[in-house]
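Sequence positions, counted from 1, serve as the residue numbers for this chain.
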Amino acid sequence: MTEQQPKGRGRLRSLLPGPADLHAARRSPGRDLVAGLTVAVVALPLALAFGVASGLGAEAGLTTAVIAGIIAAVFGGSNLQISGPTGAMTVVLLPVVHDFGAQGVLLVGVMAGIILVALAVSGIGRAVRLLPTSLIEGFTAGIAVVIVLQQVPSMLGLDPGEGEQVWAIAGDAVARWTTDIDVTPLLMTLGVAAVILIGARLLPAVPASILVIIVATLIAAFFDLGLPTIGAIPAGIPAPTADFLDLSAVAALIPSALAVAALAALESLLCATVADSMSVNERHDPDRELLGQGLANIAVPFFGGVPATAAIARTAVNVRAGARSRIAAITHSLVLLVVIYAASGLVGHVPLAALAGVLLATCVQMIGFGSIWAFVRATRADAIVLTLTFAITVAVDLVTAVVVGVIVAALLALGSVSRSARLEQVPLEEDRGDHSAEELALLSDRIVAYRFDGPLFFGAAHRFLLELTGVSDVDVVILRMSRISTLDATGATILDDAVRRLEARGIAVLISGVDPVHSRVLRTLGVAPHLRETGRVFEHTPQAITYARELVAGR
C-alpha cells in the first residue's frame, strides 16, 4: 500500500489550510482554549530561556513563540503541534552568532525557511519515517547534554566566554569559576530544576516552572543577590524590518542555513510523529508541516526572532491538556503576546541562573533513560546507532550526527537483511492468491490473519503500520510472526503502535509464532505486554485461530 501524492495545482492545494481544519477547530473549542492557556504557562519560561541561550536575547525567544507559533499552527500539518524556539535550535545557532552576529542569524532563518518550503513542495517530508528510533533516541539525548553544557556559564553566574564547541565553553567556565567560587547561582539553578522535576512527578497539573521562576526572581531581588538577569525587554513585538537582508553574505551562510533547515525539518516531523502516537485519531501531513515551519521561519526574522521548530515538550503538554485542534496552539501564542505587552518589565528581572534551572529540568525530562537502556539491550545494531549518534551530537554537531547515524543504520540493516534472506520455492498448485482457503473461511467469520515474511525493521516498519491499521470490517486480527527474519527496535515499536491503534477501534489482536529471539526484543522494549498477560500470545497459529473463534462467538 503506497501513498499517492497529488500533482500540479492539486499538490499545492493539498499543502494549504482547508475545510478539514475548520471542522477540527469546531470539535472542542473550550478544551482547546484551556490547553492553549496551559501550554502558554509552560512555554513562557522556555521561550525566555531559549531566546537567551540562542544569543539574541529573551525578547527574541518570546517574539519567535508568538509569530512562529501562530503561522506554523495555521499552515502546518499537525493539529496538535506547538512551535517556537527550542534547545536543539540554539545548539546550531550559537556558532552563527559567534561568526556572523545577530544579523547573520536572522538571514539564516529566512534562508532556512525558503529551503523548508522547497522541501515541502518536493514531497520529501515522508522520508523522515525511514529514520530508525534508536537514532532518534541518541539524537534527543545528545541534544539534552549539549543544552546542559550550554548553561554551565549561567549556572555559575559567569558570562558565556569564548569558544565554538559547547564542551570547551563549559570547561572554560568551570576553570574561571574555580578561581573565584560563588555557589549562589549554582544553588539557584539546582533548586529551580529540583522543584520543577519533583513538581512534575507529584503535582503534574501544577505549572511548576512558571511558579518557581517567580519565586526565584523574588528571592534574588529581596536578598539583593546580585545575579545576572535577563535585562530590559521591549514592551511589544518589534516593528518588522528588512535591514538584516545582506545578499553579499548569503553564500557564506548557506552551510548554516542548510543545518538550520535540516534540524527544523527533523525536529518538527519527529515531534509530529510523537504527537500522533500520543493520540488515537490524529495523523499529520509531513509535507504540509514542512510548509508551515518554512513560512514561520521566513516571517520570524523580520520581527527579530530566531529560527523556530516544533517543540516536543510543549506539544506533549498540549496533547495531555486535551487539545483537539490548532486553536490550542494559536491560543498559546496569543497569551504570550499579552505577556509581552503587559508584563515585559517584570520579566526582565528573572535571573539567568533560574532560567538555566528550567533548561536543566527540561533536559532531564527529554532523556528517556529507560528507553535508552532498553534500546541498548534490544539489538547490537540499535546500541551502535544510538551510542554513535549521541557521541557525535555532543562532540561535533547535530546534522553530522544524523547523517552518520543514518548511514551506519542503513549499513547495519542491509547486512542483517542479506544474512537473513531466504529463497523458498512454492509449488504452483498450492498458490491460491492472496488468501488460502482457511484464511478465506476465517475472513467470513470476521477474523483476518496477517503473516509477516522477511525483515520487520526501520525501513519497512511504517508500511506495515499503514497496512495493518487500514484493516476494517473485522473483529479479530491474528499477527502470524513465525516468518519474521529480522526485528529491530523500530519494527517492534511500530508493531506496538499498530496493536494499540487496532484495539482503539475495537479490534482484538492475537499474536502467534514469535521466535524466542524476537520475543526477547519485544519483552525488552515493553511491546504490548497486556497481550501476554491476557493469554493472547500463542506458540502456534491454530491455537490462535481457536481462541479467535471463541472471541467472535462471545460477541
Side-chain angles (χ1 to χ4, degrees), residues 1-2 129-135 374-385 409-426 430-431 434-436 438-439 442 447-471 474 476-503 507-532 535-545 547-548:
M1 182 183 297
T2 59
R129 295 174 177 172
L130 301 178
L131 293 178
T133 309
S134 51
L135 181 147
F375 278 113
V376 169
R377 292 186 299 148
T379 69
R380 178 173 170 269
D382 285 306
I384 292 173
V385 172
L411 292 175
L412 291 172
L414 290 174
S416 178
V417 170
S418 65
R419 289 191 298 271
S420 63
R422 297 291 185 272
L423 180 63
E424 183 178 7
Q425 184 177 2
V426 179
E430 294 183 12
D431 186 357
D434 292 336
H435 299 281
S436 66
E438 182 182 30
E439 288 171 330
L442 289 175
I447 302 169
V448 63
Y450 278 89
R451 184 178 67 196
F452 294 99
D453 286 293
L456 180 56
F457 72 122
F458 72 86
H462 281 279
R463 177 170 55 83
F464 282 124
L465 174 63
L466 291 174
E467 291 178 358
L468 282 176
T469 55
V471 66
V474 299
V476 183
V477 168
I478 302 174
L479 302 180
R480 301 172 59 181
M481 302 180 61
S482 60
R483 295 195 179 186
I484 292 180
S485 58
T486 301
L487 178 69
D488 71 352
T490 304
T493 304
I494 291 298
L495 181 65
D496 184 69
D497 193 15
V499 170
R500 184 179 63 82
R501 290 176 183 239
L502 288 170
E503 291 180 336
I507 300 174
V509 179
L510 311 179
I511 294 178
S512 69
V514 184
D515 183 273
V517 174
H518 301 158
S519 180
R520 181 181 65 81
V521 175
L522 297 177
R523 288 179 181 273
T524 301
L525 295 175
V527 174
H530 64 284
L531 295 183
R532 287 187 294 271
R536 297 193 173 189
V537 178
F538 301 89
E539 184 176 359
H540 302 292
T541 300
Q543 299 169 333
I545 293 173
Y547 187 90

Test side-chain contact (heavy atoms from CB on, under 4.5 Å) applied to R532 and V514, step by step: CA-CA 12 Å; R532 287 187 294 271; V514 184; over 6 Å; no
Closest contact, heavy atoms only, L479 versus V477: CD2-CG1, 3.7 Å
Heavy-atom pair of closest approach, residues S134 and T490: N-OG1, 4.4 Å
D496 side, atom CG; L525 side, atom CG - distance, nearest 0.5 Å: 9.0 Å
Pairwise distance CG(L510) to CZ(F538) - rounded to 0.5 angstrom: 5.5 Å
Please name all residues satisfying side chain to side chain contact (heavy atoms under 4.5 Å, CB included) with [X], sequence neighbours left out, ordered by chain then number.
X    : answer
L531 : V499, E503, V509, I511, A528, R536, V537
S482 : none
E539 : Q543

Contact check, side chains of I545 and I447, non-hydrogen atoms, under 4.5 Å: no
Side chains of L495 and F452 in contact at under 4.5 Å (non-hydrogen atoms): yes
Candidate pair L522 and L487, rule side-chain contact (heavy atoms from CB on, under 4.5 Å), full reasoning: CA-CA 9 Å; L522 297 177; L487 178 69; 3.8 Å; yes
Residues that T379 engages under side-chain hydrogen bond (donor to acceptor under 3.5 Å, both in side chains), provided they are two or more places apart: D382
Pairs touching residues 511-527 that satisfy side-chain hydrogen bond (donor to acceptor under 3.5 Å, both in side chains), sequence neighbours left out: S512-T541
